[in-house]
Amino acid sequence: MSSTIWNRPPRGARGPAPTHSRDEIVAAAMAMADADGLGAVSMRAVAGALHTGAGSLYRYLSSRDDLLDLMTDRAAGELRPYPEVPAGGDWMDGMLLLARRQLDLYRAHRWLLDVLPRPTAIGPEGLAWLDHCLGVLAPAPAPTTAKFEAIAMMTGVTTLFARSEAAGAPAGFAAVDMTAFPHLSAAFSAPPAASEPRDLFQATVRGVLRGLLLDE
């Protein structure tokens with residue numbers, strides 16, 4: 001099994017003296033992905049942005065997958081400084097703050113939504129994030145397995161909300177004849193609730209955490 005990109009030297013031992021660093025390569029790739037999406041990121045395109053040949057990048061990386069791993073971990077580093085649990089708050093409040101920080105990260109780097117489903121090796125910043133989440137969850141009365149599941153589900157919920165935002169508003173039902181759908185017709189005909197609109201993201205994250213870590 002090959003080692004991960006973080007276990008390999010920053011560049012190959014052979015070839016000319018380096019003119020760039022992994023950090024510069026990753027920064028160029030992230031700028032490209034932010035501007036034009038993940039599909040625009042290729043070894044050739046990144047090399048062009050750095051005014052070098054595509055072959056030269058292989059002295060630093062073995063594949064585009066290495067580059068995507070480094071980009072993902074660099075983005076995870078932007079989650080720092082991690083938000084602290086507010087005075088008088090508990091681990092649930094702390095996890096909600098972390099989920100909001102994740103959501104902001106996905107808004108800043110939409111391409112992360114395309115990277116996350118792929119198999120990947122977790123890097124040092126990803127490990128630091130996971131470690132911090134476990135620290136926040138330390139007081140929660142649940143086994144460690146449940147805490148890992150809760151972190152994963154929180155990330156899944158956050159990703160779902162980010163995807164929904166990126167997709168924009170749905171087409172709606174204005175042009176649909178609801179005659180054959182009585183429950184939908186009644187739902188859309190009901191007067192709007194008079195109360196303040198609830199924070200659906202907060203309610204969902206709290207519901208997931210409560211269900212996985214508190215409910216038996």
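Everything numeric here is computed off the predicted structure, so don't read it as measured data.
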Could you pull out the closest heavy-atom pair between [X] and [Y], with the gap in Å?
X      : Y      : result
Arg198 : Ala203 : NH1-CB, 3.9 Å
Arg163 : Pro117 : NH2-CG, 3.7 Å
Gly53  : Ser56  : O-OG, 2.6 Å
Tyr82  : Trp129 : OH-N, 3.3 Å
Leu68  : Val115 : O-CG1, 4.5 Å
Leu50  : Ala28  : CD2-CB, 3.9 Å

Go through it in stages, so that I can follow the logic: the residues are Ile151 and Met95, the test is side chain to side chain contact (heavy atoms under 4.5 Å, CB included), and I'd like the CA-CA distance, side-chain angles, deciding distance and then a yes or no.
CA-CA 9 Å; Ile151 295 167; Met95 292 302 287; 4.2 Å; yes

Using a 3.5 Å distance criterion without hydrogens, assess whether the side chain of Ser185 forms a donor-acceptor pair with backbone atoms of Phe181.
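Side chain of Ser185 to backbone of Phe181: no pair is present.
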
Do the side chain of Arg101 and the main chain of Pro81 share a donor and acceptor less than 3.5 angstrom apart?
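Side chain of Arg101 to backbone of Pro81, a donor-acceptor pair under 3.5 Å: yes, one is there.
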
Who passes salt bridge (charged side-chain N to carboxylate O under 4.0 Å, His left out) against Asp66, sequence neighbours left out?
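Scan of Asp66 (salt bridge (charged side-chain N to carboxylate O under 4.0 Å, His left out), adjacent residues dropped) gives Arg8.
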
List in chain and number order the residues that pass salt bridge (charged side-chain N to carboxylate O under 4.0 Å, His left out) with Asp93, two or more places apart in sequence or in another chain; answer none if no residue qualifies.
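Per chain and number, Asp93 pairs via salt bridge (charged side-chain N to carboxylate O under 4.0 Å, His left out) with Arg206.
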
Enter the distance from [X]:[atom1] to [Y]:[atom2] here, rounded to the nearest 0.5 Å.
X      : Y      : atom1 : atom2 : value
Thr72  : His109 : OG1   : NE2   : 10.5 Å
Arg22  : Leu57  : CZ    : CG    : 12.0 Å
Leu214 : Met92  : CG    : CE    : 5.0 Å
Leu116 : Thr158 : CG    : OG1   : 10.5 Å
Leu98  : Leu103 : CG    : CG    : 12.5 Å
Asp73  : Ile5   : CG    : CD1   : 11.0 Å

Applying side chain to side chain contact (heavy atoms under 4.5 Å, CB included) to Met71 and Trp111, what does each step give before you reach the verdict?
CA-CA 10 Å; Met71 290 167 63; Trp111 51 269; 3.8 Å; yes

Evaluate the salt bridge (charged side-chain N to carboxylate O under 4.0 Å, His left out) criterion for residues Arg107 and Asp104: first the C-alpha distance (whole Å), next the side-chain angles of each, then the deciding distance (0.1 Å), finally the verdict.
CA-CA 5 Å; Arg107 288 166 174 163; Asp104 287 340; 3.0 Å; yes

Met154 vs Val205 side-chain heavy atoms within contact, under 4.5 Å
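Yes, at least one pair of side-chain atoms sits under 4.5 Å.
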
Check whether any side-chain heavy atom of Trp91 sits under 4.5 Å from a side-chain heavy atom of Val85, and report yes or no.
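Side chain of Trp91 against side chain of Val85, heavy atoms only: no contact under 4.5 Å found.
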
Shared ILVMFWY cluster between [X] and [Y], side chains joined below 4.5 angstrom?
X      : Y      : answer
Leu70  : Tyr58  : yes
Leu130 : Tyr106 : yes
Leu127 : Phe148 : no

For Asp23 and Ser21, what are the C-alpha separation, side-chain angles and deciding distance, and is it a side-chain hydrogen bond (donor to acceptor under 3.5 Å, both in side chains)?
CA-CA 5 Å; Asp23 284 345; Ser21 66; 5.0 Å; no

Step-by-step side chain to side chain contact (heavy atoms under 4.5 Å, CB included) determination, Glu165 to Arg110
CA-CA 10 Å; Glu165 287 183 0; Arg110 296 290 188 187; 4.2 Å; yes

The test is side-chain hydrogen bond (donor to acceptor under 3.5 Å, both in side chains); show your working for Asn7 and Thr4 and say whether it passes.
CA-CA 5 Å; Asn7 293 332; Thr4 66; 3.2 Å; yes

Verdict with reasoning, Gln202 to Arg100, per side chain to side chain contact (heavy atoms under 4.5 Å, CB included)
CA-CA 9 Å; Gln202 172 176 296; Arg100 291 194 187 283; 3.4 Å; yes

